[in-house]
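Comments concern the structure below.
Below, read A as the first sequence line, B as the second, and so on, with proteins coming before strands; counting in each chain starts at 1.
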4 protein chains.
Amino acid sequence: MKDVSVADEVTRAAVELFAAQGYANTSVQQIVEAAGVTKGAMYHYFESKDDLLFAIYDRMLTLQQSRLDEIIARGGEVDDVLRAVCVDVIETSIDFLPEGTVFFRSLHMLSAPRQQEVTRRRRVYHDRFAALLQQGQDAGLYRTDIPQPVLIAHFFSDVHYLSHWYSPEGPETKSEVAEQLTDLFLTGIRLTNGSAT
Amino acid sequence: MKDVSVADEVTRAAVELFAAQGYANTSVQQIVEAAGVTKGAMYHYFESKDDLLFAIYDRMLTLQQSRLDEIIARGGEVDDVLRAVCVDVIETSIDFLPEGTVFFRSLHMLSAPRQQEVTRRRRVYHDRFAALLQQGQDAGLYRTDIPQPVLIAHFFSDVHYLSHWYSPEGPETKSEVAEQLTDLFLTGIRLTNGSAT
Amino acid sequence: MKDVSVADEVTRAAVELFAAQGYANTSVQQIVEAAGVTKGAMYHYFESKDDLLFAIYDRMLTLQQSRLDEIIARGGEVDDVLRAVCVDVIETSIDFLPEGTVFFRSLHMLSAPRQQEVTRRRRVYHDRFAALLQQGQDAGLYRTDIPQPVLIAHFFSDVHYLSHWYSPEGPETKSEVAEQLTDLFLTGIRLTNGSAT
Amino acid sequence: MKDVSVADEVTRAAVELFAAQGYANTSVQQIVEAAGVTKGAMYHYFESKDDLLFAIYDRMLTLQQSRLDEIIARGGEVDDVLRAVCVDVIETSIDFLPEGTVFFRSLHMLSAPRQQEVTRRRRVYHDRFAALLQQGQDAGLYRTDIPQPVLIAHFFSDVHYLSHWYSPEGPETKSEVAEQLTDLFLTGIRLTNGSAT
DNA sequence: TATGAATGAGCCTTCATTCAT
DNA sequence: TATGAATGAAGGCTCATTCAT
């Protein structure tokens with residue numbers, strides 16, 4: 001009985017190498033060697049190197065979407081839900097730091113149709129996030145003087161940027177960073193009893 | 001008499017192509033064709049493709065550093081200076097959107113020594129920014145409950161992310177976005193009369 | 001109970017694909033898919049892809065030889081026999097147009113020993129045809145000023161060429177073409193003292 | 001000063017190898033080795049292996065067309081012109097026997113657009129030949145009871161077939177075969193004082 | 001300075017065939 | 001008989017870089 005399938009092992013090796021050296025600098029040969037399989041075996045499961053890259057995107061997109069949906073489905077006060085979502089996105093991104101590196105850096109290496117597919121699913125994800133923001137705005141919790149796309153970019157930029165600076169070996173723990181970035185974001189958008197701007 | 005030098009023309013073409021297709025997907029042949037020069041001519045000015053990429057980094061790093069230094073040199077209230085810096089960084093990043101795309105996406109394509117060189121100069125840049133923050137914190141303007149590296153990442157993530165979403169053709173003008181993102185950032189870090197977190 | 005055996009189904013699919021795309025451009029995978037069987041099943045009946053190609057040659061050679069032998073065995077005036085042979089060869093070639101395409105185009109794709117085997121059997125076939133010609137020449141019916149190999153080539157070139165131009169959907173029927181080409185051939189070789197036919 | 005260009009040398013080697021082993025069985029590596037150049041040099045002149053194959057077709061098509069046009073342009077009695085054309089086509093085909101082998105055997109290995117291009121130019125060529133036949137028929141020289149496409153196929157089948165049997169080392173000289181096949185063809189289609197069919 | 005033909009290493013991919021089940 | 005995952009050897013092609021001119 002094999003512990004892990006060829007496909008899993010290949011994907012794991014690919015993520016690691018793509019994150020470390022970049023997609024273009026990683027040869028299929030390196031991947032299969034790191035995965036301990038043969039080239040032929042890999043091509044039995046993946047049609048192309050592009051296919052392998054997309055598999056990584058697919059896994060990430062599916063994971064992100066399902067976690068977001070789950071938290072929203074749980075319900076609760078909108079401010080609590082948004083906070084929970086932000087914390088979770090950041091924590092998950094830290095759990096999948098190499099995947100994130102690849103995700104945000106290698107989109108342009110995908111074939112054009114797949115770039116569009118990723119962008120489409122990403123938009124769905126953002127839209128659900130935007131709906132939360134809207135609820136909070138409707139409830140008078142969040143400022144409305146800044147366009148929603150800017151607010152969304154403001155939050156996801158933090159998520160995106162994690163792989164550029166965060167290290168598990170660094171002084172901050174995953175949870176701390178999640179709390180801190182979430183706090184910075186929410187403080188920035190919250191309509192305090194006083195005035196915004 | 002030529003309007004522009006070979007080196008300039010090549011750099012210009014390279015930035016455009018690297019931003020549009022990625023460094024790895026762009027051949028030297030494409031670059032020299034787009035620049036209207038020959039391969040031999042290019043190799044007179046750049047030792048390698050890597051050299052060409054580094055030239056783009058060098059130009060950006062120099063530009064960013066000089067603008068930051070200049071604004072700081074101008075002096076003034078720390079809060080005003082920080083605000084001016086933030087606005088300027090964002091506006092400049094929008095002015096150089098393709099350069100920014102390359103800058104944040106292709107670091108790993110540089111040779112190792114040059115990656116370190118970029119990182120080193122980037123750190124110098126961040127340190128100067130951090131010093132500003134520190135001044136504000138010392139003056140009791142900004143919160144101190146969040147580590148400085150997190151605060152810095154929080155701001156530069158917005159800068160980084162611009163090339164992922166901002167479009168000059170979009171509804172927001174350069175100045176508006178610069179004001180909005182700066183405001184979100186400063187609101188997030190400012191120590192209001194009440195308490196943060 | 002299966003209507004057709006695996007071997008038959010595979011051969012049928014192979015002929016079709018080889019004729020349409022060529023032997024080299026057809027993968028074993030395509031063949032087994034078109035035949036509705038698995039690779040393993042195919043390799044139970046054929047030792048190799050080469051084996052499969054040879055099976056097609058074998059079937060054609062056997063068919064051609066047996067039809068020729070049968071018509072000659074029937075006996076009759078030599079001119080009538082030759083005419084019957086020519087008409088039959090052409091009609092049969094039209095009935096097996098895809099097989100013919102493969103037959104004349106893919107000989108060089110066979111392994112060397114099998115190429116020789118095909119050539120050998122082909123020579124036997126031609127020799128029997130030559131014997132007919134000889135009989136006619138001995139009887140003073142056909143011209144002798146042209147070497148037999150040239151006469152034989154002149155006839156079989158027509159057969160060979162059918163797959164390059166003839167289409168069942170075209171204006172000429174199988175029988176018409178058979179008659180016309182046979183007539184052109186016989187008119188060309190006949191020693192007319194007076195009239196033709 | 002080089003005697004032959006890289007492109008010429010490569011084409012020459014390719015024709016030889018394609019004729020001997022088939023297009024599919026010949027690797028680019030074999031070609032460049034036989035031509036005494038490097039792979040890179042070859043790809044400087046040919047975009048692909050397909051491109052190289054097409055170059056052979058192009059040369060043959062151009063040659064055939066120009067010879068046909070030239071002979072027709074020379075003018076004369078239609079029967080003499082047709083005879084001259086037939087003899088020339090056969091002699092030229094013998095001069096370019098390897099090219100002919102490739103020409104008639106490897107059409108299906110070309111990319112689809114190029115197959116069409118070849119077919120188109122081939123049709124132009126056949127049409128000019130057909131016009132000659134028509135003139136002869138109008139002049140009452142050639143039989144009209146057989147469709148022109150059949151007559152044309154009847155002649156070109158001989159040309160096509162040459163590479164399957166003719167050898168310069170064989171007993172027949174180029175000119176003899178040309179005369180003999182032309183004679184067989186013309187005898188077959190000529191309307192003698194008597195009746196045909 | 002400038003040209004562009006030529007180099008040569010390496011890359012992604014295909015595919016006939018094998019073999020444990 | 002039959003499966004289909006896995007093998008392993010090529011194969012076609014790209015491309016940064018060099019160099020004679």
- May I ask you to say what A:Phe46 touches in the nucleic acid, namely base, sugar-phosphate or nothing, with a heavy-atom cut-off under 4.0 Å? nothing
- Message: Donor-acceptor check, side chain of D:Asn25 to backbone of D:Gln21, threshold 3.5 angstrom: yes or no?
- Response: yes
- Distance between the P atoms of F:dT21 and E:dT1, in whole angstroms? 23 Å
- Rounded to whole Å, the OH-P distance (A:Tyr23 to E:dC11) equals 13 Å
- Separation of F:dT17 atom P from B:Met42 atom CE, nearest Å, is 7 Å
- DNA chain F: stems of at least 3 consecutive Watson-Crick or G-U pairs whose donor-acceptor distances fall under 3.5 Å: E:2-21 with F:2-21
- Message: Closer than 4.0 angstrom, basic N to acidic O: yes or no for D:Glu9 and D:Arg12?
- Response: yes
- Query: Hey, is the side chain of A:Tyr43 poking within less than 4.0 Å of OP1 or OP2 on F:dA6, counting only N and O atoms?
  - Reply: no
- Item | Test item: B:Tyr57 side-chain N/O and B:Val102 main-chain N/O as donor-acceptor pair under 3.5 Å | yes
- For C:Lys39 and E:dC19, what is the distance between atoms NZ and P respectively, to the nearest whole Å? 15 Å
- Message: Determine whether a donor-acceptor pair (N or O, by modelled atom type, separation under 3.5 Å) exists between the side chain of C:Gln30 and the backbone of C:Ser27.
- Response: yes
- From E:dT3, E:dT17, E:dA5, pick the nucleotide closest to the side chain of B:Ala41? E:dT3
- Task: State whether the side chain of D:Ser66 and the backbone N or O of D:Leu63 hold a donor-acceptor pair below 3.5 Å, judged by distance alone.
- Result: yes
- Note on the structure: Comparing nearest nucleotides in DNA chain E, the 5'-proximal residue of the pair C:Asn25, B:Val37 is B:Val37
- Query: Are any side-chain N or O atoms of A:Tyr23 and backbone N or O atoms of A:Asp50, one a donor and one an acceptor, separated by less than 3.5 Å?
  - Reply: yes
- Choosing from F:dA2, E:dA16, E:dG4, which nucleotide comes nearest the side chain of C:Val6? F:dA2
- Query: Of all the choices, E:dT13, F:dT17, E:dA5, which nucleotide is nearest to the side chain of D:Tyr45 once you look at every atom?
  - Reply: E:dA5
- Message: Categorize D:Lys49 for me: base, sugar-phosphate, or nothing, with a 4.0 angstrom heavy-atom threshold over every strand shown.
- Response: sugar-phosphate
- Gap between atoms CG and C1', on A:Asp51 and E:dT13 respectively (whole Å): 13 Å
- Note on the structure: On DNA chain E, more 5' by nearest nucleotide between A:Val28 and C:Ser27 is A:Val28
- Query: For E:dA5, does OP1 or OP2 lie under 4.0 Å from any side-chain N or O of D:His44?
  - Reply: yes
- Message: Nearest heavy atom decides the nucleotide; on that basis, is D:Thr26 or B:Asp50 closer to the 5' end of DNA chain F?
- Response: D:Thr26
- Task: Under the ring pair (Phe, Tyr, Trp, His ring centres under 6.0 Å) rule, collect the residues that match up with A:Phe104, sequence neighbours excluded.
- Result: A:His160
- Message: Using whole Å, what does the distance between atom P of nucleotide E:dA16 and atom CZ of C:Phe18 come to?
- Response: 9 Å
- Query: When you measure from the side chain of A:Thr38, which nucleotide among E:dC15, F:dG8, F:dA2 comes out closest?
  - Reply: F:dG8
- Report the C-alpha separation of B:Arg114 and B:Glu117 in whole Å, then their side-chain angles, then the decisive distance to 0.1 Å, and conclude whether the salt bridge (charged side-chain N to carboxylate O under 4.0 Å, His left out) test is met. CA-CA 5 Å; B:Arg114 280 174 160 168; B:Glu117 162 80 355; over 6 Å; no
- Let me know the distance between CD1 of B:Ile31 and P of F:dT17, rounded to the nearest Å. 10 Å
- Spacing of B:Gln29 atom CD relative to E:dT3 atom P, expressed in whole Å: 12 Å
- Query: Once you round it to whole Å, what is the distance between P of F:dA16 and CE of B:Met109?
  - Reply: 10 Å
